[in-house]
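The structure under discussion appears below in the form of structure tokens.
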Amino acid sequence: MVSCRLIKKNYGPLEVLKGINLTIQTGEVVSIVGASGAGKTTLLQILGSLDKPSSGEVLIDGINVSKLNEKQLAHFRNTKIGFVFQFHQLLPEFTALENATLPALINGKSKSQADKKALELMHFLGLGDRLGHKPAQLSGGEKQRVAIARALINEPAVVFADEPSGNLDSHNQEELQKLFFDLRNEFNQTFVIVTHDYHLAKMCDRVIEMKDGLIHDQANEN
């Protein structure tokens, strides 16, 4: 599903990633942990095609991302990759339903098609009574679930999440983490999650620990 080979990333003389090899299987829920500066967010951004490695290659769903031009990459990102961030990044002037449909509309789906898929996801995520609410009217956990619906609407091959629970209280953190498994079980969805919370990380199928720009350890938790 997702693999990278010999990924290195330099910012000037600073070597952030020093040769990462990693394979993530379809339907796997994987966490990436490590101290600040270990390189975990940089790796996530490269795996998600938001940044380019200095050397090495990334393959997602059999496609070598590094060989795509900018137009191809934008389309690939829209259709094959979902993103969830710590700060949900919802558009404040749009309703929850409208926020969730945006990637589908960008992908050329009709409004009725986008609405149908978004409604399915929103109801599955427990947001059926919040469809017309704008972000300012939603709780932190509800905002993050809208962001997850938005990430899933184009049925991506993989969802990358960067500290998705970092802005939530402990109850909503655990609820969100359990939700990833519900989504995996329902849709066979693959998740790669960067988190600083080792308790939540250990709920995942596998914990990848990074240290000084390298994978220090990998542990299967279940």
> Could you go step by step and tell me if Q72 and H75 meet the side chain to side chain contact (heavy atoms under 4.5 Å, CB included) rule?
Replying inline: CA-CA 5 Å; Q72 291 170 329; H75 178 72; 5.9 Å; no
For [X] and [Y], which heavy atoms make the closest approach, and how far apart are they?
X    : Y    : result
N99  : V146 : CB-CG1, 4.1 Å
A114 : I153 : O-CD1, 3.7 Å
P92  : P135 : O-CD, 3.7 Å
Q137 : H133 : OE1-CA, 3.4 Å
I60  : A157 : CG2-CB, 4.5 Å
A100 : A118 : CB-CB, 4.2 Å

> Are D205 and R184 close enough for a salt bridge, meaning some N to O gap below 4.0 Å?
Replying inline: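 Salt bridge present between D205 and R184.
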> Do E15 and K9 sit within salt-bridge range, that is, some charged N less than 4.0 Å from a carboxylate O?
Replying inline: no
Kindly list each side-chain donor-acceptor pair under 3.5 angstrom involving residues 16-25, sequence neighbours excluded, with atom names and distances?
from: K18; atom 1: NZ; to: D212; atom 2: O; distance (Å): 3.3
from: N21; atom 1: OD1; to: L6; atom 2: N; distance (Å): 2.8

> In this structure, which one of I81, L59, L47, V65 forms a side-chain contact (heavy atoms from CB on, under 4.5 Å) with V2?
Replying inline: L47
>> Going by the rule salt bridge (Lys or Arg N to Asp or Glu O under 4.0 Å), which residues pair with E70 if we only count those two or more places apart in sequence or in a different chain?
In response: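 So E70 forms a salt bridge (Lys or Arg N to Asp or Glu O under 4.0 Å) with K52.
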> Are E163 and T195 close enough, and set up right, to give a side chain to side chain contact (heavy atoms under 4.5 Å, CB included), and what steps lead you there?
Replying inline: CA-CA 5 Å; E163 299 284 7; T195 181; 4.0 Å; yes
Atom pair [atom1] ([X]) and [atom2] ([Y]), whose distance is rounded to the nearest 0.5 Å:
X    : Y    : atom1 : atom2 : result
L138 : K143 : CG    : NZ    : 7.0 Å
K8   : L214 : NZ    : CG    : 9.5 Å
C4   : L43  : SG    : CG    : 5.5 Å
L44  : D51  : CG    : CG    : 11.0 Å
M122 : T101 : CE    : OG1   : 9.0 Å
E175 : Q144 : CD    : CD    : 14.0 Å

Taking the side chain as everything from C-beta on, heavy atoms only, tell me whether [X] gets closer than 4.5 Å to [Y].
X    : Y    : value
K202 : S31  : no
F181 : V29  : yes
K178 : M203 : yes
V192 : V158 : yes
M1   : E28  : no
F160 : V84  : no
F83  : L50  : yes
R77  : L73  : yes

Side-chain donor-acceptor pairs under 3.5 Å in residues 102-110, sequence neighbours left out?
from: S110; atom 1: OG; to: S112; atom 2: OG; distance (Å): 3.1
from: S110; atom 1: OG; to: Q113; atom 2: N; distance (Å): 3.1
from: S110; atom 1: OG; to: Q113; atom 2: OE1; distance (Å): 3.3

>> Given 3.5 Å as the limit, does a donor-acceptor pair link the side chain of N64 with the main chain of S66, or not?
In response: yes
> Within the side chain of E142, is there an N or O that forms a donor-acceptor pair under 3.5 Å with the backbone of S139?
Replying inline: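 Yes: the side chain of E142 pairs with the backbone of S139.
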> If two hydrophobic side chains count as joined below 4.5 Å and joins carry through other members, does L121 share a cluster with F94?
Replying inline: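 They do not share one cluster, since no chain of ILVMFWY contacts under 4.5 Å joins L121 to F94.
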>> Using side chain to side chain contact (heavy atoms under 4.5 Å, CB included), reason through T190 and V159 one step at a time and then give a plain yes or no.
In response: CA-CA 6 Å; T190 306; V159 173; over 6 Å; no
>> I'd like to check the side-chain contact (heavy atoms from CB on, under 4.5 Å) partners of E209; sequence neighbours left out, ordered by chain and number.
In response: V33, Y198, H216, D217
> With L183, which residues qualify under side-chain contact (heavy atoms from CB on, under 4.5 Å), at least two apart?
Replying inline: F124, L125, I148, L152, L179, F187, F191
>> Show every salt bridge (Lys or Arg N to Asp or Glu O under 4.0 Å) that has at least one partner inside residues 79-93, sequence neighbours left out.
In response: D61-K80
